[in-house]
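Inspection log for the structure reproduced underneath, given as structure tokens.
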Amino acid sequence: MQESISTESVINKEGDVEQLEQAEQEQQQSSSVDGLGGVDLTDLTELVMELGKGAKDIVGSIFDNIDLNF
């Protein structure tokens, strides 16, 4: 005996698949945005400050080596 599958049940299953795919995409997007995860903000702040100091030193040395003659 063959079971007949109604169009409505097929549409519902397709809708469920679409909802699942959409939920997976949203989860991937939020995980990529929340990539910081368990990073301590204090450590992050210190890292940014050290990078800024390094950039300041590089720019300072470039300006020290520029010879301006007026």
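Everything numeric here is computed off the predicted structure, so don't read it as measured data. Numbers here simply count residues along the sequence, with the first being 1. When reading the values below, keep in mind they use all heavy atoms of this one structure, side chains included, and skip hydrogens, waters and symmetry mates.
D64 contributes atom CG, which lies 10.5 Å from atom CG of D57 (distance to the nearest 0.5 angstrom). Here the CD-CG distance, from E46 to D40, works out to 8.5 Å after rounding to the nearest 0.5 Å. L20 CG to E24 CD: the interatomic distance, rounded to the nearest 0.5 Å, is 4.5 Å.
Grouping the Ile, Leu, Val, Met, Phe, Trp and Tyr side chains by contacts below 4.5 angstrom, directly or via other members, places L47 apart from L41.
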